[in-house]
Amino acid sequence: MLYSGAPTPETIRNRITAMIDNFGNVDATALAAILYQPEDDADRLLANFVQDLARHDVRVGGIVQRHVRNENGTHVMLAVDVATGREISISQLLGSGAASCKLDTNGLAEAALVVSQALRDKVDLLVISKFAKQEAVGRGLRAEFVDAITRGVPLLTAVPRKCLADWRAFTGDVGMLLPCDRQALEEWWCDVATRPARCRAFNPSWSYLGTMIPDSLMTAARIMPRSAPESPVALLRGLRKQP
């Protein structure tokens, strides 16, 4: 399925207006981002954590990211549907002998559909692998982030430190920032999942020995050529103040 066009700021505003009655259900602590440095393996941390949740009957949806290198040294990115394990190629070679790649718009559109389907399925936890430079400039999975936040769906992502200011501007500085650490993820999810509004619980006493995720499970961005919209949280607040 080809991506046929990005939602305009007006479309996003209309979506938020339609959801305004649910504003009181938006739980700031249900939004969390792993803040990571270049040397951190946030992809593997997120993927391992998601797999363990799924093994304990938590309904997780969305995508994680996996990076691989071919025999010729070419870097390839894959988006993986955490619910099914389906791999989606989101990069393509620049040309014969190229050592780098560019984003594949068709693959990125498929990845976006996975996230949208997870939202429709009302999962316990939505995972979007990262909010990075594509989302910061209004591309990638930015619209899916807006949908998740305004619906109040528990959302876990990762943010590179260089994009922290963009993430804060996008969210209106709402949500939790977590270190790139397994225990921090467990403590956050325990708090979110055991609240009365959540139907499932989390047992922080699990043993994680031997639960490394397979290499087949490890998102990137659907290209959306437009300027970055306002923070969805800021829009919600502004709309709520209107008569």
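As a basis for the values below, the full set of heavy atoms in this structure was taken, side chains included, without hydrogen atoms, waters or symmetry mates.
The two residues F131 and C163 come nearest to each other via the heavy atoms O-CB, 4.2 Å. In this structure, V50 and V60 approach most closely via the heavy-atom pair CG1-CG1, 3.6 Å. When all heavy atoms of D124 and D57 are compared, the pair lying nearest together is OD2-O, 4.4 Å. The shortest non-hydrogen separation linking A33 to V159 is CB-CG2, 3.7 Å. Contact record, R142 with V137: NH1-N, 4.5 Å, taken as the closest heavy-atom pair. The nearest pair of heavy atoms linking A148 to L155 is CB-CD2, 4.1 Å.
Residues E87 and R66 have side chains in contact (heavy-atom distance under 4.5 Å, counting atoms from C-beta outward). Considering only heavy atoms from C-beta on, H67 stays 4.5 Å or farther from L78 through its side chain. When side chains are defined from C-beta on, L53 does not count as touching R59, because their heavy atoms never get closer than 4.5 Å.
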Worksheet item: Are W167 and T157 close enough, and set up right, to give a side-chain contact (heavy atoms from CB on, under 4.5 Å), and what steps lead you there?
Response: CA-CA 11 Å; W167 171 251; T157 188; 3.9 Å; yes

Practice prompt. List the steps and the verdict of side-chain contact (heavy atoms from CB on, under 4.5 Å) for C190 and E186.
Written response: CA-CA 6 Å; C190 183; E186 293 177 6; over 6 Å; no

Practice prompt. Check the pair Q117 / D121 against side chain to side chain donor-acceptor pair (under 3.5 Å), numbers first and verdict last.
Written response: CA-CA 6 Å; Q117 184 60 54; D121 290 342; 2.9 Å; yes

Discussion item. Apply salt bridge (charged side-chain N to carboxylate O under 4.0 Å, His left out) to residues K133 and D166 and explain how you reach the verdict.
Written reply: CA-CA 9 Å; K133 60 183 180 180; D166 297 303; over 6 Å; no

Worksheet entry | Working for salt bridge (charged side-chain N to carboxylate O under 4.0 Å, His left out), residues D52 and R182 | CA-CA 11 Å; D52 285 340; R182 177 61 184 247; 2.7 Å; yes

Item to complete: Begin with the C-alpha distance, continue with both residues' side-chain angles, and end with the deciding distance and a verdict on side-chain contact (heavy atoms from CB on, under 4.5 Å) for V58 and W189.
Response: CA-CA 11 Å; V58 177; W189 179 245; 3.7 Å; yes

Item to complete: Take V127 and L46 through the side-chain contact (heavy atoms from CB on, under 4.5 Å) test and state the conclusion after the steps.
Response: CA-CA 9 Å; V127 179; L46 188 57; 3.7 Å; yes

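Between the CG atom of D81 and the CG atom of L113 there is a distance of 11.0 Å, given to the nearest 0.5 Å. Put simply, CG on D173 and CZ on R168 are 5.0 Å apart, with the number rounded to the nearest 0.5 Å. In this structure, CG on N48 lies 6.0 Å from CZ on R44, to the nearest 0.5 angstrom. In this structure, CE on M77 lies 10.0 Å from OG on S129, to the nearest 0.5 angstrom. A distance of 9.0 Å separates CG of L156 from CG of L31, quoted to the nearest 0.5 Å. Atom CG of L177 is separated from atom CD1 of I34 by 11.0 Å, given to the nearest 0.5 angstrom.
Note on L45 and W188: same hydrophobic cluster, where clusters join Ile, Leu, Val, Met, Phe, Trp and Tyr whose side-chain heavy atoms are under 4.5 Å apart, directly or indirectly. Following chains of ILVMFWY side-chain contacts shorter than 4.5 Å, one cannot reach Y36 starting from L185, and the two form parts of different hydrophobic clusters. A continuous path of ILVMFWY side-chain contacts below 4.5 Å connects I88 to L126, so both sit in one hydrophobic cluster. I63 and V146 fall within the same hydrophobic cluster, defined by Ile, Leu, Val, Met, Phe, Trp and Tyr side-chain heavy atoms under 4.5 Å apart, directly or through other members.
Counted within 6.0 Å of CD on Q37, heavy atoms from surrounding residues, nucleotides or ligands total more than 12; the atom is thus considered enclosed.
No donor-acceptor pair closer than 3.5 Å links the side chain of R151 to the backbone N or O of K122. When atom types are taken as modelled, the side chain of D181 and the backbone of Q183 share a donor-acceptor pair closer than 3.5 angstrom. In this structure a side-chain-to-backbone donor-acceptor pair under 3.5 Å is present from E135 to L141.
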